[in-house]
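Report on the following structure.
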Amino acid sequence: MTFNFNNPYPSTRIPLFARNVVSTSHPLGAQAGLKMLHSGGNAVDAAIAAAAAMTICEPVSNGLGSDAFCILWDGKALHGLNASGRAPSAWTPDYFRAKYGADAATPPKRGFDSVTVPGAVSAWVALSERFGKLPFSDLLQPAIEIAERGYAVPPVVQGKWHAPIPELQGLPGFAQSFLPRGRAPHVGELFQFKTAGRALRAIAATKGEAFYQGEIAQAVAKFSSLNGGVLTAADFAAHRADWVQPIAKDYRGYTLHEIPPNGQGIAAQMALGILANFDIAGLDPDGVDSQHLQIEAMKLAFADVYRFVADASAMTLGVEELLSSSYLASRAKLIDRNRAQAFNAGSPDDAHRRGGTIYLTAADESGMMVSFIQSNYMGFGSGCVEPMFGISLQNRGHGFSLNPASPNVVAPGKRPFHTIIPAFLTQGGQPQMSFGVMGGNMQPQGHLQTLVRMLDYGQDPQTACDAPRWRFNQGLALNVEAGMPPATVQALRERGHQMEVINDSYQDFGAGQFIWRTNDPASTGYVAASDARRDGQAVGF
């Protein structure tokens, strides 16, 4: 692939060219990773350090009580890691209906009955033990320093910190941790998180054992019991992160790799498999015909994913059936090129949510590339924050169904449907790009839109990142970014799309980080992009 690096979209950024790269949505996270590379560490060490720092620097989106997934190229092969948490042993449909009524469709959005066992710390430990070079305790030192000394809150994080306060301020531990002056910090104001620093020190000293089998697990279990939850120390002790084989789908001579279900990465692969049946490259990249086909393909993919995808052990259909080229070709035939439609799930065998997620990627001159995502789901997750160690707990349990007929029905020890999806691109079995796009159900939509721009239209990663995006919600409803050409927006409306043009890019249109490996035979090098929709940057040397 040869990029022209001629960016026609408004941007404050140019791509970074370097042999060692870290790209995150907060500068201090990127710098934490870069410190590890300067200290002789590899891309895995850099990713762990960045991930730990991000729990402090962007607490709206992730924390020590988050989940995580990873895809990495170790220099020879691709590996996947599923570090999402499982339901407490007491969770059943009857448990929730007894508490919330017979008509409850899902576990609650906030509070302890939305909390599954957090998996992010187990991801750090598993990655370090298998692929890291530096001592695990060294990797958490930048995060510890940031937590204890504090940092100046940047604009995008501050805006999202302020927004959910009316909903969250009464939840246990929230105000104590995240409203230190009785309000959200102002832009540029110092925020210290010393209790999380205490947790990070314990995690660093015990390689995570304190979190899952020691004092932190005990503290969270006690906090849960005091606040009406049923999450126990035994639930923490039973947790494990699982190494998995990423699933693959070819598109335009490249292969997109995603983590297999319980995640929604398969939605991006299905949408691309549908688009493969059209000559997208022959259409204007910002015109109505290209955008309409992408939207309809994404809607078709979501119809199946929301019907069939769950914890892999509970799915009634296999990944192979959902990704079958013949099945996706049959789905492509349902698209009317002149009319928007609302689609139902198909038969392969014959919600709009504002998320809370950080994505980061790192690559080093040895060729190791890491695609890593970490999330508390919705902004500040459950809103529950254990006060002794500052454990801000995710609300992934809200992703379960209470419908016994659903493959995603809640059950003890089961993983819920998950939105966070790191991605990886290869060509001819060799690494090409580690990337991801944050933001609830925007994530596979972001994968689709940026890959089409790069692979069909030859746009470089930063250009593809800066380009205006749309976001499908449900039915015929879409959000569209204000930078989308007005003529395209109007033409989409004329085809029946129900368009809302909005300016909030934080989650509505996601935010991505991209590292593309260059093809210089003399050395390993990269071109990296960081989304201007967040506060972050790509750094390297």
Side-chain angles (χ1 to χ4, degrees), residues 55 62-68 82-100 104 106-126 171-174 176-177 195-196 198-200 202-203 206-242 262 311 313-314 375-377 380-402 408-418:
T55 66
N62 75 137
L64 290 171
S66 286
D67 280 353
N82 182 336
S84 61
R86 295 169 173 84
S89 59
W91 278 15
T92 65
D94 287 342
Y95 168 82
F96 288 101
R97 292 201 176 100
K99 292 186 72 171
Y100 301 101
T106 69
K109 179 181 175 182
R110 307 289 191 180
F112 258 105
D113 278 338
S114 70
V115 182
T116 56
V117 179
V121 170
S122 71
W124 305 348
V125 174
L171 288 165
F174 181 82
Q176 179 179 340
S177 294
T195 53
R198 181 184 303 131
L200 285 162
I203 293 164
T206 64
K207 292 187 177 180
E209 185 173 342
F211 193 91
Y212 291 104
Q213 301 191 44
E215 56 185 336
I216 296 175
Q218 294 290 340
V220 174
K222 180 179 179 181
F223 188 56
S224 171
S225 179
L226 290 172
N227 291 283
V230 291
L231 188 63
T232 67
D235 293 323
F236 270 74
H239 173 79
R240 69 181 187 278
D242 296 324
N262 53 313
D311 190 321
S313 64
S375 171
N376 61 19
Y377 192 21
F380 286 115
S382 66
C384 301
V385 190
E386 193 286 318
M388 184 179 298
F389 293 101
I391 309 300
S392 177
L393 294 155
Q394 38 85 332
N395 61 332
R396 283 292 167 185
H398 182 60
F400 277 120
S401 171
L402 299 183
N408 193 43
V409 64
V410 69
K414 186 177 180 179
R415 283 171 161 148
F417 177 85
H418 238 280

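Throughout, numbering of the chain's residues begins at 1 and tracks the sequence.
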Run the side-chain contact (heavy atoms from CB on, under 4.5 Å) test on T106 and F96 for me, step by step, so that the C-alpha distance in whole Å, both residues' side-chain angles and the decisive distance to 0.1 Å come before the verdict. CA-CA 8 Å; T106 69; F96 288 101; over 6 Å; no
Mind running side-chain contact (heavy atoms from CB on, under 4.5 Å) on V410 and L402 for me, showing each step along the way? CA-CA 6 Å; V410 69; L402 299 183; 3.7 Å; yes
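Considering all non-hydrogen atoms of both residues, A123 and A68 come closest at CB-CB, 3.9 Å. Looking at every heavy atom in both residues, A241 comes nearest to A83 through CB-CB, 4.0 Å. Heavy-atom minimum distance, S382 versus S114: CB-OG, 3.4 Å.
Here T92 pairs with nothing under the side-chain hydrogen bond (donor to acceptor under 3.5 Å, both in side chains) rule; sequence neighbours left out. By the ring-ring contact (aromatic ring centres under 6.0 Å, His included) test, F174 pairs with F178, F380, sequence neighbours left out. Residues forming a side-chain hydrogen bond (donor to acceptor under 3.5 Å, both in side chains) with R240 (at least two apart in sequence, or on another chain): D242. Shown here are the side-chain hydrogen bond (donor to acceptor under 3.5 Å, both in side chains) partners of T116, two or more places apart in sequence or in another chain: Q394. With sequence neighbours left out, R198 forms a salt bridge (Lys or Arg N to Asp or Glu O under 4.0 Å) with no residue at all. Partners of A196 by side chain to side chain contact (heavy atoms under 4.5 Å, CB included), not counting sequence neighbours, listed by chain and number: I56, L64, F193. Under the side-chain hydrogen bond (donor to acceptor under 3.5 Å, both in side chains) criterion, D113 pairs with Y95, K99, Y100, not counting sequence neighbours.
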Return all side-chain donor-acceptor pairs below 3.5 angstrom for residues 383-391, not counting sequence neighbours, or 'none' if the list is empty.
{"from": "E386", "atom 1": "OE1", "to": "M388", "atom 2": "N", "distance (Å)": "3.2"}
{"from": "E386", "atom 1": "OE1", "to": "F389", "atom 2": "N", "distance (Å)": "2.6"}
{"from": "E386", "atom 1": "OE2", "to": "M388", "atom 2": "N", "distance (Å)": "3.0"}

I'd like a table of donor-acceptor pairs (distance under 3.5 Å, sequence neighbours excluded) in which one partner is a side-chain atom from residues 206-213, with atom names and distances.
{"from": "T206", "atom 1": "OG1", "to": "A202", "atom 2": "O", "distance (Å)": "2.8"}
{"from": "T206", "atom 1": "OG1", "to": "E209", "atom 2": "N", "distance (Å)": "3.3"}
{"from": "T206", "atom 1": "OG1", "to": "A210", "atom 2": "N", "distance (Å)": "2.9"}
{"from": "Y212", "atom 1": "OH", "to": "P118", "atom 2": "O", "distance (Å)": "2.8"}
{"from": "Y212", "atom 1": "OH", "to": "S122", "atom 2": "N", "distance (Å)": "3.2"}

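Of the possible polar contacts, none joining the R396 side chain to the S375 backbone as a donor-acceptor pair under 3.5 Å is found. No side-chain donor-acceptor contact under 3.5 Å links N395 to the backbone of R110. A side-chain donor-acceptor contact under 3.5 Å links K414 to the backbone of V409.
Within the structure, the side chain to side chain donor-acceptor pair (under 3.5 Å) test picks out the following pairs touching residues 215-232 (sequence neighbours left out): T232-D235.
Aromatic ring pairs are classed by plane angle as parallel below 30°, tilted from 30° to 60° and perpendicular above 60°; the pair W91 and F400 is perpendicular.
Between T55 and S66, every side-chain heavy-atom pair lies at or beyond the 4.5 Å cut-off. Contact check for V117 versus P88: no side-chain heavy atoms found under the 4.5 Å cut-off. In this structure, R415 and N82 have side chains that are in contact, with non-hydrogen atoms separated by less than 4.5 Å.
Taking CG from D67 and CZ from R86, the interatomic distance works out to 10.0 Å, rounded to the nearest 0.5 Å.
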